[in-house]
Structures are given as structure tokens and as C-alpha cells.
Amino acid sequence: MELKQYWAIVRRRLWLIGLLVIVLGAVTGFYSYKLVVPQYQASTKLIVNPSQKPAEAAGNVELGSINTSIQLVKTYKEIIRTSRIMGVVASEYPDLKTNANELISKINVASVSDTMIITLAAADASYARAANMVNAVAEVFQREIPKLMNVDNVSILNEADPSAAARPVSPNPTMNMAVSIMLALMLGVALAFLLDYLDDTIKTSTDVEQALGLSTLTSIPRVKNSDRSPSRTKHTAAAQPLRGEGNVSVDT
């Protein structure tokens with residue numbers, strides 16, 4: 001099948017492709033702007049300090065202590081997202097109106113490879129609530145970790161500001177609509193080819209040759225609506241005299 005034939009198939013179904021694009025784009029836009037609740041994200045950072053011996057306090061910290069702190073980050077990430085920490089947060093901060101299970105599901109703990117920094121992030125419909133969540137978890141973890149591991153090497157680098165102006169991180173209506181339009185275009189083109197494949201009616205002289213094996217001698221052009229207008233019909237009839245019209249003589 002040549003490129004022109006592909007384009008002819010798509011052109012015959014342009015109305016279908018356009019309809020799919022409009023419908024899916026409108027539905028996606030309505031869903032993104034009206035139905036989905038915007039989510040805001042707040043974050044805070046912790047640092048795991050290298051443990052220092054008295055002899056090392058005034059000098060440089062050994063590389064082994066730094067590597068130990070980096071390894072502790074992996075352990076701390078798992079400890080934070082446990083009911084041991086989240087239960088204390090839920091009980092000490094009733095204004096958050098949450099429980100340990102919700103906190104575990106909302107708090108995301110991450111770290112950059114080979115660093116001593118832990119990032120706590122929370123997403124919520126209210127930015128102030130998300131900021132208060134991560135701040136509360138950071139404070140409780142910093143206070144509780146010495147009781148769990150007999151170490152006091154966690155410090156808060158920065159806290160989330162509940163009063164800061166924030167933009168929602170989700171949904172992204174522009175991206176959603178762009179993806180929806182692209183999917184609608186692909187679906188429309190695929191559907192156009194499918195309908196053309198299932199359509200076995202004869203439309204062109206090429207179809208006649210393929211179906212019957214015969215050459216086309218002539219074709220009847222499509223009659224336009226303008227050719228059917230009364231004025232054009234009267235004009236054509238007036239231009240052609242009636243058969244048999246003329247003088248008649250009778251011999252007596």
C-alpha cells in the first residue's frame with residue numbers, strides 16, 4: 001500500500017479522529033481540573049553525623065566514621081517508616097488528625113547514594129498539613145533514635161515551612177491532556193485503518209479490477225446538489241426542444 005493510499009484512508013476518517021481527540025481531551029481536562037484533588041508536597045532533610053571519639057573531636061573525622069554513617073542511613077530509612085516512630089508522632093501531634101498507618105503511607109523517605117542526608121517528604125491536599133507531618137516525623141525520629149540505637153548523631157538540616165506558598169505537584173492537567181490527545185490520535189488512526197480493512201464495499205475502479213478481474217470502461221461522476229437545483233433543471237430543459245415539436249399540415 002502506497003503512502004497516498006494510507007493518507008486517503010486517514011482523510012476519509014478525519015472526522016472520527018477529530019471526534020476522538022475532542023472527546024478524550026475534554027474528558028481528561030474536566031477530570032484533571034474538576035475531579036482530582038490537588039496534592040501538595042513538603043519536605044525536610046536530616047543528616048547523620050559521623051560518630052566522634054574524644055581524640056577525634058578536635059581533629060579530622062576518620063573516613064571510617066563517615067562510611068559508618070553512610071551505612072546507617074539505610075537503617076534509619078527503614079526505622080523511620082515503622083509504627084515505633086509513626087505511632088509516637090500520631091499520639092504527640094493530635095492536630096494532624098492522623099494515625100501511624102496513614103503516616104507510613106504518606107511519608108516518603110529517600111537518600112542520595114553515598115551521602116549522609118535523608119530526605120523526608122509528604123504529599124497531602126493541604127501543604128500546611130504536609131509540612132507539619134514531615135517536621136513532626138523529623139523531630140520525633142531525632143529524639144527517639146538515641147533510645148533505639150544508643151547513638152545521638154541525627155540532626156535536622158532544614159524544616160518545611162507550613163506558611164510557604166506552594167504549588168500542587170499533582171495533577172498536571174497540561175501533561176494529562178497532551179498524553180490524552182496523543183493517545184486519541186493513535187487510537188483514531190488505528191480505528192480508521194481497522195474500519196477500512198473491514199469495509200469490503202467497492203468504491204473505486206481499482207476495487208472493481210481487484211474484485212472482478214475486469215477493466216473499467218467508464219464511470220458515472222457523482223451528482224452534486226447544485227446540479228439538482230430547479231433553476232439549473234429548467235435552464236437545461238429550455239435549451240433542449242421537445243421531440244416532435246413543429247408545424248403540422250393536413251391535406252384535404
Lys45 versus Ile118: any side-chain heavy-atom pair under 4.5 Å?
-> no
Output for pair (Leu24 CG, Leu19 CG), nearest 0.5 Å, gives 9.0 Å
Ile22-Leu185 co-clustered via ILVMFWY side chain contacts under 4.5 Å = no
Heavy-atom distance under 4.5 Å between the side chains of Ile117 and Leu157, does that happen here?
-> yes
Approximate separation, where rounding is to 0.5 Å, of Gln142 CD and Ile156 CD1 = 4.5 Å
Taking side chain as C-beta onward, heavy atoms only, is Thr82 less than 4.5 Å from Met86?
-> no
Starting at CZ of Arg84, measure out to CD of Glu144 and round the result to the nearest 0.5 Å.
-> 4.5 Å
Atom of Ala123, atom of Lys106 and distance for their closest heavy-atom approach = O-NZ, 3.4 Å
Do Val169 and Tyr40 come close enough that some side-chain heavy atom pair is under 4.5 Å?
-> no
Does Asn132 use its side chain to pair, donor to acceptor, with the backbone of Ala128 at less than 3.5 Å?
-> yes
Ser32 side chain to Gly29 backbone, donor-acceptor under 3.5 Å | no
Gap separating the CG atom of Asn99 from the OG atom of Ser105, nearest 0.5 angstrom | 8.0 Å
Residue of the set Val27, Thr28, Val23, Leu20 for which side-chain contact (heavy atoms from CB on, under 4.5 Å) holds with Ser180 | Thr28
Is the closest side-chain donor-acceptor distance between Tyr127 and Gln39 under 3.5 Å?
-> no
Pairwise distance CD1(Ile107) to OG1(Thr44) - rounded to 0.5 angstrom = 10.5 Å
Look at the side-chain heavy atoms of Ile, Leu, Val, Met, Phe, Trp and Tyr, link any pair under 4.5 Å apart, and say whether Met177 and Tyr31 land in one connected group.
-> no
Check the side chains of Ser163 and Asp161 for a donor-acceptor pair under 3.5 angstrom, ignoring hydrogens and angles.
-> yes
Where the side chain of Asn135 meets the backbone of Glu159, is there a donor-acceptor pair that is under 3.5 Å apart?
-> no
Would you say Lys74 and Gln71 make side-chain contact, with heavy atoms under 4.5 Å?
-> yes
ILVMFWY cluster, Leu187 and Val10 together (side-chain gap under 4.5 Å) = no
Residue pair Ala160 / Ala131: nearest heavy atoms and the distance that separates them | CB-CB, 3.7 Å
Can Leu72 and Met149 be said to form a side chain to side chain contact (heavy atoms under 4.5 Å, CB included), step by step?
-> CA-CA 10 Å; Leu72 280 175; Met149 300 187 64; 3.9 Å; yes
Is there a path of hydrophobic side-chain contacts, each under 4.5 Å between heavy atoms of I, L, V, M, F, W or Y residues, that connects Val189 with Leu16?
-> no
Pairwise side-chain contact, Arg143 with Glu92, heavy-atom cut-off 4.5 Å (strictly under) | yes
Flag side-chain contact, heavy atom, 4.5 Å: Leu96 against Val89 = yes
Full working for salt bridge (charged side-chain N to carboxylate O under 4.0 Å, His left out) between Glu102 and Lys97 = CA-CA 10 Å; Glu102 184 183 5; Lys97 298 179 181 180; over 6 Å; no
Does one hydrophobic cluster hold both Leu194 and Tyr6, with members joined at side-chain heavy-atom distances below 4.5 Å?
-> no
Scanning both residues in full, the closest heavy-atom pair of Leu103 with Ala90 reads CD1-N, 4.1 Å
Over all heavy atoms of both residues, which pair between Ala121 and Val134 is shortest? Give the atoms and the distance, please.
-> C-CG1, 3.7 Å
Distance, nearest 0.5 Å, that separates CG of Leu120 from OG of Ser43 | 8.5 Å
Determine, step by step, whether Ile85 and Ile79 satisfy the side chain to side chain contact (heavy atoms under 4.5 Å, CB included) criterion, reporting the C-alpha distance in whole Å, the side-chain angles of both residues, the deciding distance to 0.1 Å, and the verdict.
-> CA-CA 7 Å; Ile85 301 298; Ile79 293 176; 4.1 Å; yes
Taking C-beta and beyond as the side chain, do Leu191 and Ile17 meet within less than 4.5 Å on heavy atoms?
-> no
Do Tyr76 and Asn153 get their side chains close enough for a donor-acceptor pair, meaning under 3.5 Å?
-> yes
Thr98 and Arg129: side chain to side chain contact (heavy atoms under 4.5 Å, CB included), yes or no, with the steps?
-> CA-CA 10 Å; Thr98 186; Arg129 186 168 183 260; 3.7 Å; yes
